[in-house]
Amino acid sequence: MKTTWRTLWQQQDIVVYRDEVEFDRFAAARIECVYLVYRGHGDSPGDIGVSVVELDDGYALFEAETGFAGRVNFERHAFWQAKECIYWVSAGSAALPWRLRLGAWPVNSPARAYRRLERSEIEGCVANWALEGPQTWEDRKKQRIDRARPFGFGASQAGELAGAGPRPAVRPVGLQRRG
């Protein structure tokens, strides 16, 4: 029988279910950053292969089948907008230890769709990623639409022409070198 995973919001907690039994739970307030690692252009939710969530005490990795990216992209918009913690990373530049890489797990290993990791296991890798954001799905969608307009200027392009420039990706506080 195939193992199933899913995630849900329950009040202010993110709850992870494995085969419809609660497997893990953490308060959303503990989330410092969310890194959505995407394949292709990252223009559709289906492009997200893994979500790496930096918590106050380590990391959690969610494969696509857990539905975590949907919790970030399509639920509780005000929470994510206020937190400004969602960053996008191309899978080609998201170096991870071999055992954690996209597609490195055997297809018949759905038991590994969700994992908790110690900070030391991937912090060095994450610190070197080229980040896009902070940017919610709605921000990203608007940017994609603006890019697709021939000869037209969207709000973001007009801001760039006025000297505001694109919003640079600033390394999140959680990724500053810890001493």
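Only heavy atoms go into these numbers, but all of them, side chains included; no hydrogens, no water, no symmetry mates.
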- Query: Is the side chain of D47 donor-acceptor paired with the backbone N or O of G40 at a distance under 3.5 Å, no angle test?
  - Reply: no

- If you look at every heavy atom in C85 and E32, which pair is closest and at what distance? CB-O, 3.4 Å

- Item | Test item: L55 and V53 side chains (from C-beta on) under 4.5 Å apart, heavy atoms | yes

- Task: List the steps, then state whether side chain to side chain contact (heavy atoms under 4.5 Å, CB included) holds for I31 with K83.
- Result: CA-CA 9 Å; I31 296 174; K83 206 157 174 67; 4.1 Å; yes

- Do E20 and R6 meet the salt-bridge criterion of a basic N to acidic O distance under 4.0 Å? yes

- Query: For the atom pair CD (E84) and CG (D139), what is the distance rounded to the nearest 0.5 Å?
  - Reply: 9.0 Å

- Query: For Y35 and E54, does a side-chain donor sit closer than 3.5 Å to a side-chain acceptor?
  - Reply: yes

- Message: Please report the interatomic distance CD1(I86) to CG(L131), rounded to the nearest 0.5 Å.
- Response: 13.0 Å

- Query: Salt bridge check: are R116 and D24 linked by an N-O gap of less than 4.0 Å?
  - Reply: yes

- Between the main-chain N or O of T136 and the side-chain N or O of K141, is there a donor-acceptor pair closer than 3.5 Å? no

- Taking atom types as modelled, is there a side-chain donor on Y38 or E132 under 3.5 Å from an acceptor on the other? yes

- Provide the closest heavy-atom pair for A91 versus V37 in the form atom of the first, atom of the second, distance. CA-CG1, 3.6 Å

- Message: Hydrophobic clusters here meaning ILVMFWY residues chained together by side-chain heavy-atom distances under 4.5 Å, can you tell me if W80 and V15 are in one?
- Response: no

- Message: Within the structure provided, determine whether V16 and T66 are in side-chain contact (heavy-atom separation under 4.5 Å).
- Response: no

- CZ of R144 to NE2 of H41: how many Å apart, nearest 0.5 Å? 11.5 Å

- Note on the structure: Rounding to 0.5 Å, atoms CZ (R71) and CG (L8) come to a distance of 5.5 Å

- Message: In the structure I gave you, are the side-chain heavy atoms of N73 and L36 within less than 4.5 Å of one another anywhere?
- Response: yes

- Give the ring-plane orientation class for F23 versus W5, where under 30° counts as parallel, over 60° as perpendicular and anything between as tilted. perpendicular

- Query: According to the interplanar angle, ranging from 0 to 90°, do the rings of W88 and W137 count as parallel (below 30°), tilted (30 to 60°) or perpendicular (above 60°)?
  - Reply: tilted

- Task: Flag this pair as yes if the NZ/CZ of R115 is under 6.0 angstrom from the six-membered ring centre of Y59 and inside a 45 degree cone about the axis; otherwise no.
- Result: no

- Message: Run K2 and E65 through side chain to side chain contact (heavy atoms under 4.5 Å, CB included) and show every step you take.
- Response: CA-CA 12 Å; K2 184 179 177 185; E65 63 263 27; over 6 Å; no

- List the steps, then state whether side chain to side chain contact (heavy atoms under 4.5 Å, CB included) holds for R25 with I14. CA-CA 6 Å; R25 168 187 296 259; I14 300 274; over 6 Å; no

- Between the side chains of Q143 and Q135, does any donor sit under 3.5 Å from an acceptor? yes

- Message: Restricting to salt bridge (Lys or Arg N to Asp or Glu O under 4.0 Å), what partner residues turn up for D43, sequence neighbours left out?
- Response: R147

- Does some side-chain heavy atom of P45 sit less than 4.5 Å from a side-chain heavy atom of F74? yes

- Any idea which heavy atoms bring C33 and Y87 closest together, and the distance? SG-CE1, 4.1 Å

- Item | Derivation and outcome, side chain to side chain contact (heavy atoms under 4.5 Å, CB included), residues V52 and V34 | CA-CA 6 Å; V52 179; V34 176; over 6 Å; no

- Identified ring pair (Phe, Tyr, Trp, His ring centres under 6.0 Å) counterpart of Y114 within the set F26, F62, Y17: F62

- Message: Minimum heavy-atom separation for S51 and F68, please, with both atom names.
- Response: CB-CD2, 3.6 Å

- Separation between CD of Q81 and CZ of R76, rounded to the nearest 0.5 Å: 16.0 Å

- Where C125 and A95 come nearest, the two heavy atoms and their spacing: CB-O, 3.2 Å

- Does the ring center of W9 lie less than 6.0 Å from the ring center of F79? yes

- Query: Backbone N or O of S120 within a donor-acceptor pair of the E123 side chain at under 3.5 Å?
  - Reply: no

- Considering residues, nucleotides and ligands other than E118, do more than 12 of their heavy atoms fall under 6.0 Å from its CD? no

- Item | Heavy-atom pair of closest approach, residues R30 and D56 | NE-OD1, 2.9 Å

